[in-house]
Amino acid sequence: MRLSRYFLPVLKENPSEAQIVSHRLMLRAGMIKQQSAGIYAWLPLGFKVLRKLENIVHEEQIRAGHIPMLMPTLQSADLWRESGRYDGYGEEMLRMQDRHGRDMLYSPTAEEMFTDVFRAHVNSYKDLPLTLYQIQWKFRDEIRPRFGVMRGREFYMKDGYNFDLSKEDALHAYNRHLVSYLRTYERMGLQAIPMRADSGPIGGDYTHEFLVLAETGESEVFYDSEITDLSFGDREIDYDSVEQCQAVLEEFTSRYARTDETHDEALFNQIPEERRRTARGIEVGQIFYFGTQYSDAMNAAVQGPDGKPVQIHMGSHGIGVSRLLGAIIEASHDENGIIWPEGVTPFHVGIVNLKQGDEEADAACEALYDSFTAAGLEPLYDDRKERAGGKFATMDLIGLPWRITVGPRGLKNGVVELTSRRTGESEELPPEQAVEKII
Ligand code: ATP
Ligand code: MG
Ligand code: MG
Ligand code: MG
């Protein structure tokens, strides 16, 4: 992409409405624009990162054997009356009526609708296990939308639902989700710690939240510092293996890690004092097992191996895809702007032409641009007639992992400058070598 033809409305001034750094940087980097409280337009740069996160979530869900589909955002209230949640859900649910006076709502989550699809089409134990999921906009009329996309009212969420014949099978699905979530967050350059949590309006008593540690997090968390040494890494896992998934769950949940809702001071105090940590965290996902709560209420049963009907055991599993943009920036930035982890960066490398219009500099930039494109990477070429300082500031703000600076003086010596956004270190080297280092 050439910056002269892109739409990147960066702000020079710090927007006064933003209280935390990720919100401020997303506004300044031209990623989002607020349309009304907690509702955002996703400008091209923000949309690009959102898509990258979404792709990672899809890839990891599909790897775990889960099946993507898509539900409507608007639902009929009738299904929610059937499950018994319509009255209880409260003011976070945005309710409306269509022209015929029928009660509708904008989905805050979708247990009812997935259960409805399931019961309409699945009749036999032979079709199990089954996990269906979607990545779709949700709406919750949050009392205090704030912190930009971190607590929006409209937000983008992956929500998945497992349907199993027994509690045992459903707990395997739970473990499988935990493993796939660990992989997902690590690919985004994040450490998200599974913590014992409270199940809230979804129901059930088996649940973990995934939290990214950050001062600006809204949850208070308590954990054993040893847990931050764990990483899933690039190990191979067979998602069908009950033992393997169980082992990962045990490894990642055996140390104390809880949110304030389930915190137990006596248990916490059993950890050696030097390992006790109290901090703030951002909830980026949650998994639940809730048994037959919905299948009982909505009559979702299949025929078991002995011909008798069996109530389905279910769980649901969410990842806050749009909130993750904020969480990643909270975890990865400096005073000059965002520092994108490689796996989610909107462009792989920025090319800065110090003297636009200079024949040699222009040609060298074009050649670099072509080399990156040919290698399957996406460069962002700042080809505007602007001062170098302004170009650098923009590149630092939008946080691409690499910057290549091209100018007539360097080219006389056959070199360009390669700068790492994370370390700030620069080196001069021939253009071909700079390309080699990045691809
Ligand atoms: P919170 O405690 O932050 O209100 P929640 O527990 O109500 O979140 P879940 O029902 O567990 O949310 O939804 C799954 C995920 O969706 C959450 O882990 C979070 O990452 C994301 N999410 C929930 N509410 C919002 C919101 N208002 N804005 C952005 N993301 C959200
Ligand atoms: Mg909530
Ligand atoms: Mg929560
Ligand atoms: Mg939650």
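Values below: every heavy atom of this structure, side chains too, minus hydrogens, waters and symmetry copies. For ligands, and for the atoms within them, numbers begin at 1 and follow the listed sequence.
The shortest separation from a heavy atom of Asp159 to ligand 1 is not under 4.0 Å, leaving the residue out of contact. Contact analysis leaves Ser322 out of contact with ligand 1, as no non-hydrogen atom separation drops below 4.0 angstrom. A heavy-atom separation below 4.0 Å is not found between Arg153 and ligand 1.
Ring-plane geometry between Tyr89 and Trp80 is classed as perpendicular, the angle between the planes exceeding 60 degrees on a 0 to 90 degree scale with a lower cut at 30. Aromatic ring pairs are classed by plane angle as parallel below 30°, tilted from 30° to 60° and perpendicular above 60°; the pair Tyr256 and His263 is perpendicular.
Per-residue contacts place Gly285 under 4.0 angstrom from the following atoms of ligand 1 (heavy atoms of the residue considered): 18 (O), 20 (O). Atoms of ligand 1 lying under 4.0 Å from any heavy atom of Val149, numbered from 1 in the order shown and given with element: 29 (C). The atoms of ligand 1 that sit less than 4.0 Å from any heavy atom of Val284 are 18 (O), 20 (O). Heavy-atom proximity to Met157, at under 4.0 Å, picks out these atoms of ligand 1: 13 (O), 14 (C), 16 (O).
A salt bridge does not link Arg280 to Glu330: none of the charged side-chain nitrogens sits closer than 4.0 Å to a carboxylate oxygen. A salt bridge between Arg235 and Glu251 is present, with a side-chain N of the basic residue lying under 4.0 Å from a carboxylate O of the acidic one. Using a 4.0 Å cut-off between a side-chain N of Lys or Arg and a carboxylate O of Asp or Glu, Arg183 and Glu186 do not qualify as a salt bridge. Residues Glu425 and Lys437 are not paired through a salt bridge, judged by the lack of any N-O separation under 4.0 Å between the basic side chain and the carboxylate.
Although no hydrogens or angles enter the test, the distance criterion places no donor-acceptor pair under 3.5 Å between the side chain of Arg421 and the main chain of Arg403.
At most 12 non-hydrogen atoms from other residues, nucleotides or ligands lie less than 6.0 angstrom from CG of Asp234.
Checking Glu283, Arg151, Glu142 against atom 27 (N) of ligand 1, the nearest heavy atom belongs to Glu142.
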(message) Applying salt bridge (Lys or Arg N to Asp or Glu O under 4.0 Å) to Arg51 and Glu378, what does each step give before you reach the verdict?
(response) CA-CA 14 Å; Arg51 279 280 175 264; Glu378 278 187 283; over 6 Å; no
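When heavy-atom distances to ligand 1 are checked against a 4.0 Å cut-off, Arg140 comes that close only through its side chain, counted from C-beta outward. Neither the backbone nor the side chain of Thr109 has any atom closer than 4.0 Å to an atom of ligand 1 (non-hydrogen atoms only).
For the pair Arg323 and ligand 1, the shortest N or O to N or O distance falls below 3.5 Å. In terms of polar-atom proximity, defined here as any N/O pair under 3.5 Å, Gly318 makes no such contact with ligand 1. Residue Gln286 has at least one nitrogen or oxygen atom sitting less than 3.5 Å from a nitrogen or oxygen atom of ligand 1, judged on distance alone.
Tyr125 is linked by a ring-ring contact (aromatic ring centres under 6.0 Å, His included) to nothing, counting only residues two or more places apart in sequence or in another chain.
Cation-pi check for Arg258 over Phe268 is not met; the charged atom does not lie both under 6.0 angstrom from the ring centroid and within 45 degrees of its normal. Both the sub-6.0 Å distance and the 45° axial angle are satisfied by Lys48 relative to the ring of Phe347.
Within a radius of less than 2.8 Å around the Mg ion (ligand 4), the protein N, O or S atoms are Glu283 OE2, Gln286 OE1.
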